[in-house]
K.L.:
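My questions will all concern the structure given below.
As a basis for the values below, the full set of heavy atoms in this structure was taken, side chains included, without hydrogen atoms, waters or symmetry mates.
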Amino acid sequence: MVVASPTKLHSEEHLAIELPTVDLSGDRSMVSNLIVKACEEYGFFKVKNHGVPHDIIAQMEKESFNFFAKPFDEKQKVEPAKPFGYGCKNIGFNGDMGEVEYLLLNINPLSIAERSKTISNDPAKFSSAVSAYIEAVRELACELLDLMAEGLRVPDRSVFSRLIRDVDSDSLIRLNHYPPMPLLCKDEDSSPCNQNKVGFGEHSDPQILTILRSNDVGGLQISLNDGAWVPVTPDPATFWVNVGDLLQAMTNGRFVSVRHKALTNSSKSRMSMAYFAGPPPNARITVPPEMITPTKPALYKPFTWAEFKKAAYAMRLGDRRLGLFRMEGDEQVA
C-alpha cells in the first residue's frame with residue numbers, strides 16, 4: 001500500500017505539501033508504480049514496513065551516540081576524514097563548512113574492523129553493529145532499486161541493484177551528529193537567539209541512492225522544483241530515501257536527484273545515518289535502452305563512476321555536477 005504522508009510539511013514559501021509514504025508490505029505493482037511517481041515528482045520518499053530489524057537499527061544508533069559523546073580529544077584519535085575517518089565542521093576538500101561532526105566509512109568489513117580500533121572502546125562490538133546495519137540497508141536499497149526498474153517497465157529488473165551488489169561496490173556509510181547550538185548566535189545583550197545554523201549545506205548526493213535514518217529531531221530540508229525549501233518531519237520508525245545523481249542519469253532524467261540540506265537544532269542533538277549506494281569505480285553509467293526513444297533521446301554522455309566522482313570531488317558541495325556530462329547541445333540545467 002502506498003499512501004500520502006499524513007504529516008503536512010510547512011515552510012515560509014509553501015503553506016503545506018505532502019511527501020509520499022510507501023508501505024513496502026503492499027501490492028508490489030502498486031508499490032513500484034508509486035515509487036516511480038515519487039522519484040519523478042520529488043526524488044524523495046519515506047518507507048515503512050521496510051524489513052530492517054529494530055535491534056540492528058538500535059545497536060547502530062547506540063554505537064554512534066557512544067562515539068559522538070566522547071570528549072573531542074578522544075574523537076580526534078580517529079584518522080581525519082580524507083575522505084574516510086572523523087571530520088568536524090570541514091566538509092570535503094574545497095572549503096565547505098558546517099556545524100556537523102561525522103564518521104565516514106567504506107563498507108568493506110576489513111576496513112571497518114581496522115578503523116573501529118580507534119573509534120570504539122569495544123572495536124568488535126562497533127564493527128559488528130556497523131556491518132550488520134550496512135547489510136540490512138543494502139538489502140533494502142536493492143529491493144527499492146528492483147521496484148524502481150519494475151515501475152519503469154525495464155525488463156532487466158536488476159539493472160540498477162546489481163551495481164551495489166557487486167563485490168567492488170563503492171558504497172559508503174556516514175554517521176552525522178549535529179550538536180545543539182544555543183550559544184553560537186547571540187544578540188547584543190548576549191542572550192541566546194533561536195536561529196538555527198547550517199549543519200550540512202545544500203547539495204545533491206552523487207551516488208545512486210541514499211537510505212537515511214535520523215532520530216526524532218528535525219533539521220532536514222528538501223528543495224522543491226520551484227526552489228522552495230521544505231522541512232522534513234522526523235520519523236524514527238521509517239527510512240527516508242532519496243535519488244542520487246547517478247540514478248537521475250541512469251533514468252535519463254526521469255528521476256530527480258533531490259537537493260537537500262540539514263540545519264542544527266538550537267536545543268537538541270540531531271543524529272542521522274546515511275547509506276550511500278554506489279557502483280564499482282569502473283562501472284559505466286548508461287541508460288537502459290528501453291528508456292531512450294526518438295522523442296526522449298539520451299540526455300547524458302556515458303561515463304564511469306570514477307570519472308564522475310573525480311569531477312564531484314573537485315567541485316564545491318552545492319555545485320551541480322551532472323551538467324558536466326550532458327550531451328552537447330542540451331542547454332538544460334542538470
K.L.:
Which residues pass the side-chain contact (heavy atoms from CB on, under 4.5 Å) test with Arg153, sequence neighbours left out?
P.N.:
Asn33

K.L.:
Under the salt bridge (Lys or Arg N to Asp or Glu O under 4.0 Å) test, which residues partner Lys77, sequence neighbours left out?
P.N.:
Glu74

K.L.:
Quick one: list whatever passes ring-ring contact (aromatic ring centres under 6.0 Å, His included) with His203, sequence neighbours left out.
P.N.:
Phe200, His260

K.L.:
Is Lys70 reaching over with its side chain to a backbone N or O of Ile119, donor-acceptor style, under 3.5 angstrom?
P.N.:
yes

K.L.:
Mind listing the closest non-hydrogen atom pair of Gly218 and Arg270 along with its distance?
P.N.:
O-CD, 3.4 Å

K.L.:
Strictly by modelled atom types, are Ser64 and Asn66 linked by a side-chain donor-acceptor pair under 3.5 Å?
P.N.:
no

K.L.:
Closest heavy-atom contact between Ser223 and Val258?
P.N.:
O-CG2, 4.2 Å

K.L.:
With a 4.5 Å limit on heavy-atom distance, are the side chains of Leu105 and Leu172 in contact?
P.N.:
no

K.L.:
Holding to salt bridge (Lys or Arg N to Asp or Glu O under 4.0 Å), I want the full list of residues that pass it with Lys309, two or more places apart in sequence or in another chain.
P.N.:
Asp170

K.L.:
More than 12 heavy atoms of other residues, nucleotides or ligands under 6.0 Å from CG of Asn121: is that the case?
P.N.:
no

K.L.:
With side-chain contact (heavy atoms from CB on, under 4.5 Å) as the criterion, how do Arg162 and Arg157 come out once you've worked through the C-alpha distance, each side chain's angles and the decisive distance to 0.1 Å?
P.N.:
CA-CA 9 Å; Arg162 74 163 58 96; Arg157 67 184 291 250; over 6 Å; no

K.L.:
Within this structure, what is the OG-CG distance for the pair Ser158 and Asp146, rounded to the nearest 0.5 Å?
P.N.:
6.5 Å

K.L.:
Any donor and acceptor pair, going by atom type alone, linking the side chain of Arg213 with main-chain N or O of Glu61 inside 3.5 Å?
P.N.:
no

K.L.:
Taking Gln248 for its side chain and Ser257 for its backbone only, find out whether a donor-acceptor pair lies under 3.5 Å.
P.N.:
yes

K.L.:
Could you tell me which residues satisfy side-chain contact (heavy atoms from CB on, under 4.5 Å) with Ser127, sequence neighbours excluded, listed by chain and number?
P.N.:
Ile112, Ala113, Ser116, Ser131

K.L.:
Answer yes or no: is there a side-chain heavy-atom contact under 4.5 Å between Pro234 and Val217?
P.N.:
no

K.L.:
Can you see whether Ser120 engages Asp122 through a side-chain donor-acceptor pair at a distance of less than 3.5 angstrom?
P.N.:
no

K.L.:
Side-chain contact, heavy-atom cut-off 4.5 Å: Val130 with Met60?
P.N.:
yes

K.L.:
Asp216: which residues meet the side-chain contact (heavy atoms from CB on, under 4.5 Å) condition with it, sequence neighbours left out?
P.N.:
Pro236

K.L.:
Going by heavy atoms in the side chains, are Phe72 and Cys88 under 4.5 Å from each other?
P.N.:
yes

K.L.:
Find out whether Lys48 and Thr21 are in side-chain contact, i.e. whether some heavy atom of one side chain is under 4.5 Å from a heavy atom of the other.
P.N.:
yes

K.L.:
Using every non-hydrogen atom in the two residues, find where Ala277 and Gln207 come nearest and quote the distance to one decimal.
P.N.:
O-CB, 3.3 Å

K.L.:
Is there a path from Leu163 to Val159 through hydrophobic residues (I, L, V, M, F, W, Y) whose side chains come within less than 4.5 Å of each other?
P.N.:
yes

K.L.:
Partners of Glu290 by salt bridge (Lys or Arg N to Asp or Glu O under 4.0 Å), sequence neighbours excluded?
P.N.:
none

K.L.:
How would you list, by chain and number, every residue that makes a ring-ring contact (aromatic ring centres under 6.0 Å, His included) with Phe67, sequence neighbours excluded?
P.N.:
Tyr86

K.L.:
What distance separates Cys39 SG from Phe44 CZ, expressed to the nearest 0.5 Å?
P.N.:
11.0 Å

K.L.:
Rounded to the nearest 0.5 Å, what separates atom CG in Leu209 from atom CG in Leu144?
P.N.:
6.5 Å

K.L.:
Applying salt bridge (Lys or Arg N to Asp or Glu O under 4.0 Å), can you list everything that pairs with Arg138, at least two apart in sequence or on another chain?
P.N.:
none

K.L.:
Does atom NZ of Lys301 have more than 12 heavy-atom neighbours, drawn from other residues, nucleotides or ligands, at distances under 6.0 Å?
P.N.:
yes

K.L.:
When you look at Lys117 and Glu79, which way does the salt bridge (charged side-chain N to carboxylate O under 4.0 Å, His left out) test go after all the steps?
P.N.:
CA-CA 11 Å; Lys117 295 176 183 177; Glu79 183 178 350; over 6 Å; no

K.L.:
Before giving the answer on side-chain contact (heavy atoms from CB on, under 4.5 Å), spell out for Leu19 and Trp240 the whole-Å C-alpha distance, their side-chain angles and the decisive distance to 0.1 Å.
P.N.:
CA-CA 10 Å; Leu19 294 175; Trp240 289 103; 4.2 Å; yes

K.L.:
Same cluster or not: Val256 versus Leu299, using hydrophobic residues (I, L, V, M, F, W, Y) connected whenever any side-chain heavy atoms lie under 4.5 Å apart?
P.N.:
no

K.L.:
Should Ile57 and Val137 be counted in the same cluster of Ile, Leu, Val, Met, Phe, Trp and Tyr side chains packed under 4.5 Å apart?
P.N.:
yes

K.L.:
My understanding is that only residues two or more places apart in sequence, or in another chain, count here; which of them pass ring-ring contact (aromatic ring centres under 6.0 Å, His included) with Phe239?
P.N.:
His50

K.L.:
Can you tell me if CD on Glu135 sees more than 12 non-hydrogen neighbours from other groups inside 6.0 Å?
P.N.:
no

K.L.:
For the backbone of Gly278 and the side chain of Ser171, can you confirm whether one donor and one acceptor N or O come within less than 3.5 Å of each other?
P.N.:
yes

K.L.:
Side chains of Phe255 and Val36, heavy atoms from C-beta outward: is any pair under 4.5 Å?
P.N.:
yes

K.L.:
Taking all non-hydrogen atoms of both residues into account, name the closest pair between Pro297 and Pro294 and its distance.
P.N.:
CD-O, 4.0 Å

K.L.:
Parallel, tilted or perpendicular: which one describes the rings of Phe325 and Phe303, with boundaries at 30° and 60°?
P.N.:
tilted

K.L.:
Could you pull out the closest heavy-atom pair between Gly253 and Tyr300, with the gap in Å?
P.N.:
N-CE1, 4.2 Å

K.L.:
For residues Ser111 and Asn106, is any side-chain donor paired with an opposing acceptor at under 3.5 Å?
P.N.:
no

K.L.:
Between the main-chain N or O of Asp168 and the side-chain N or O of Asp166, is there a donor-acceptor pair closer than 3.5 Å?
P.N.:
yes

K.L.:
CG/Leu104 to CZ/Arg115 distance, rounded to the nearest 0.5 angstrom?
P.N.:
8.5 Å

K.L.:
Examine distances only and state if a side-chain atom of Ser128 and a backbone atom of Ala124 form a donor-acceptor pair shorter than 3.5 Å.
P.N.:
no

K.L.:
So with a 6.0 Å cut-off around NZ of Lys310, is the heavy-atom count from everything else above 12?
P.N.:
no

K.L.:
Any side-chain heavy atom of Leu220 within less than 4.5 Å of one from Ser214?
P.N.:
no

K.L.:
Atom CG of Asp23 and atom OG1 of Thr238: how far apart are they, to the nearest 0.5 Å?
P.N.:
11.5 Å

K.L.:
Taking only residues two or more places apart in sequence, or in another chain, which ones meet Tyr133 in a ring-ring contact (aromatic ring centres under 6.0 Å, His included)?
P.N.:
none

K.L.:
Using side-chain contact (heavy atoms from CB on, under 4.5 Å) as the criterion, list what pairs up with Ala38, not counting sequence neighbours.
P.N.:
Pro20, Phe45

K.L.:
Using only heavy-atom distances, determine whether the side chains of Thr304 and Asn282 contain a donor-acceptor pair under 3.5 Å.
P.N.:
no

K.L.:
May I ask you to decide whether Glu307 forms a salt bridge with Arg284, counting only side-chain N to carboxylate O separations under 4.0 Å?
P.N.:
no

K.L.:
Quick one: CG on Leu34 to CG on Leu147, what's the gap to the nearest 0.5 Å?
P.N.:
11.5 Å

K.L.:
Got a donor-acceptor contact below 3.5 angstrom from the Lys296 side chain to the Met291 backbone?
P.N.:
no

K.L.:
Are Met315 and Leu324 packed together at the side-chain level, in the sense that at least one heavy-atom pair is separated by less than 4.5 angstrom?
P.N.:
yes

K.L.:
On a heavy-atom basis, which atom in Val287 and which in Ala249 lie closest, and how many Å separate them?
P.N.:
CG2-O, 3.2 Å

